[in-house]
2 protein chains.
Amino acid sequence: MARTKAFDEDRAIDAAVDCFWTHGYEATSVRDLAQAMGIGGASLYNAYGDKRELFVLSLERYANRSMRERIARIEMRYPPRQAIAAFLGEIISRSANDPDCKGCLLVNSALDVASRDAGLGKAVASYLNEIRAFFGRSLEAGRRTGEIAGTIDSNVMSAHLLGVVLAVRVLARTGAKRSLLESVARPALDLIERPAKTRRPRKRSKIVN
Amino acid sequence: MARTKAFDEDRAIDAAVDCFWTHGYEATSVRDLAQAMGIGGASLYNAYGDKRELFVLSLERYANRSMRERIARIEMRYPPRQAIAAFLGEIISRSANDPDCKGCLLVNSALDVASRDAGLGKAVASYLNEIRAFFGRSLEAGRRTGEIAGTIDSNVMSAHLLGVVLAVRVLARTGAKRSLLESVARPALDLIERPAKTRRPRKRSKIVN
DNA sequence: GTTATTCTGTAGCAGATGTTCCAGAATCGT
DNA sequence: ACGATTCTGGAACATCTGCTACAGAATAAC
């Protein structure tokens with residue numbers, strides 16, 4: 001027994017994600033948001049309560065549609081070691097073909113807003129930890145199948161791989177070339193290749209796109 | 001034949017650095033700056049011209065007093081491979097004992113402002129490249145002295161090491177624990193240890209503080 | 001001491017910020 | 001058709017933004 005909303009909430013959130021992603025939290029005004037979402041300011045406050053609450057929703061939406069989707073898709077499609085390479089390769093490709101230098105919303109937020117808002121900081125850290133957990137799972141699975149050397153500590157290496165992701169996304173935001181991004185990742189990929197017991201020609205893992 | 005400035009320009013710039021460092025470019029207002037610097041708004045504009053110009057000066061000041069000082073000091077004091085370990089160790093220590101989660105002004109700026117201002121973006125990228133150059137020099141020198149394996153490509157590895165620095169500083173800003181930061185760096189440090197030609201017990205390089 | 005020049009505090013500008021208020025429009029159950 | 005309830009556009013709020021105008025204070029050369 002009430003008037004129905006005249007806008008698609010999902011599309012609206014996607015527009016909000018895009019705003020925050022491109023310009024950051026502080027530099028995105030509520031009016032920018034409302035215009036991009038195609039609604040008035042009153043509707044925004046009625047539907048989402050607050051700029052900050054809308055940002056929290058946007059983070060969650062981004063995590064679901066971008067990060068978690070990627071992890072699930074890759075984890076399903078590739079065996080463990082290739083999954084790691086595919087993940088890094090995809091991040092690098094995304095970052096290299098990123099004319100607006102948007103980078104990753106989660107990483108951007110980590111530096112932009114997480115330090116000033118403890119709650120958001122915890123949320124961001126938790127999202128980043130999901131990436132680390134993916135690497136951890138893949139490393140353990142790879143060790144079981146023998147794709148990955150048993151000498152590798154998956155707790156340590158998963159943190160290192162998360163670090164590679166962060167570094168790539170930071171450099172991408174400064175407009176770095178693809179070759180630099182690949183150099184950042186290359187040694188980490190080499191590390192998780194099964195080291196030959198007997199000397200044989202080093203085969204470099206192709207970065208999957 | 002004119003009135004002298006009533007404030008210490010160096011101290012004032014340091015205060016500005018601190019503001020930008022803690023709160024970022026956008027979230028630091030000219031009034032915040034003026035108050036922290038202990039001067040009036042008019043003096044600020046008279047002496048530095050602009051908020052953006054003051055930021056450029058602050059970046060340079062920070063680079064000189066923090067990054068370049070560290071590089072010069074470490075490069076002078078340690079042999080190549082230890083210099084790399086010492087640099088990473090110092091970054092980690094700084095980041096672990098950073099109650100305000102300030103991180104690194106250059107890295108913060110890379111995400112905060114570099115994407116919206118091409119000029120600042122180039123400046124930040126250039127500063128970051130100085131870190132990479134330091135790693136490159138150290139790797140080459142280490143190869144000459146035999147501390148570092150000749151199989152290591154210093155162009156690739158220097159980018160990777162820069163990546164570790166970036167990752168540590170990003171994670172530090174989200175309040176990560178020291179153990180996580182050390183995990184991020186550990187595999188990179190292991191990589192630049194001279195690999196034994198004959199099997200012998202792996203010795204881990206201590207992270208120099 | 002005069003004078004030219006530079007500095008400094010205060011006040012103010014126009015515009016943007018996050019948020020709220022309110023009258024009216026649209027919907028649903030009855 | 002009615003009433004209760006929810007949504008919507010626009011105007012308005014107080015505050016903040018970067019920046020400037022201006023009058024006066026402090027200096028250094030003469």
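Protein chains get the first letters and strands the later ones, always in sequence-line order, with residue 1 at the start of each.
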Just by modelled atom types, is the [Y] backbone N or O under 3.5 Å from a matching donor or acceptor in the [X] side chain?
| X | Y | answer |
| --- | --- | --- |
| A/T28 | A/G24 | yes |
| A/D100 | A/K102 | no |
| B/T145 | B/G142 | yes |
| B/W21 | B/G103 | yes |

Fill in: Ring centres under 6.0 angstrom apart (B/F135, B/F87)
yes

Return the value, rounded to whole Å, for the distance between atom [atom1] of [X] and atom [atom2] of [N].
| X | N | atom1 | atom2 | value |
| --- | --- | --- | --- | --- |
| A/F7 | D/dT8 | CZ | C1' | 10 Å |
| B/Y45 | D/dT20 | OH | C1' | 9 Å |
| B/N46 | D/dA26 | CG | P | 17 Å |

Worksheet item: Hey, is CD on A/Q35 packed in by over 12 heavy atoms from elsewhere, all under 6.0 Å?
Response: no

Item to complete: Mind running a 4.0 Å heavy-atom check of residues 14-40 of chain B against DNA chain D and sending the residues that fall below it, in number order?
Response: B/T28, B/S29, B/V30, B/R31

Discussion item. Quick check on contacts: within residues 47-60 of chain B, what sits under 4.0 Å from DNA chain D by heavy-atom distance?
Written reply: B/D50, B/K51

Worksheet item: Between B/K51 and B/F20, is NZ or CZ placed under 6.0 angstrom from the six-membered ring centre and within 45° of the ring axis?
Response: no

Just the table, please: protein N/O against nucleotides 21-26 of chain C N/O, every pair under 3.5 Å.
residue, atom, partner, partner atom, Å
C/dA25, N3, A/R3, NH1, 2.8
C/dA26, O4', A/R3, NE, 3.4

Discussion item. With rounding to the nearest 0.5 angstrom, report the CG to CD1 distance, A/N64 to A/I13.
Written reply: 11.0 Å

Discussion item. For the CG atom of B/D98 and the OG atom of A/S115, what is their distance to the nearest 0.5 Å?
Written reply: 9.5 Å

Discussion item. Do the side chains of B/R144 and B/E140 get close enough for a salt bridge, i.e. N-O under 4.0 angstrom?
Written reply: no

Discussion item. Would you say A/S43 places a side-chain N or O within less than 4.0 Å of OP1 or OP2 belonging to D/dT8?
Written reply: yes

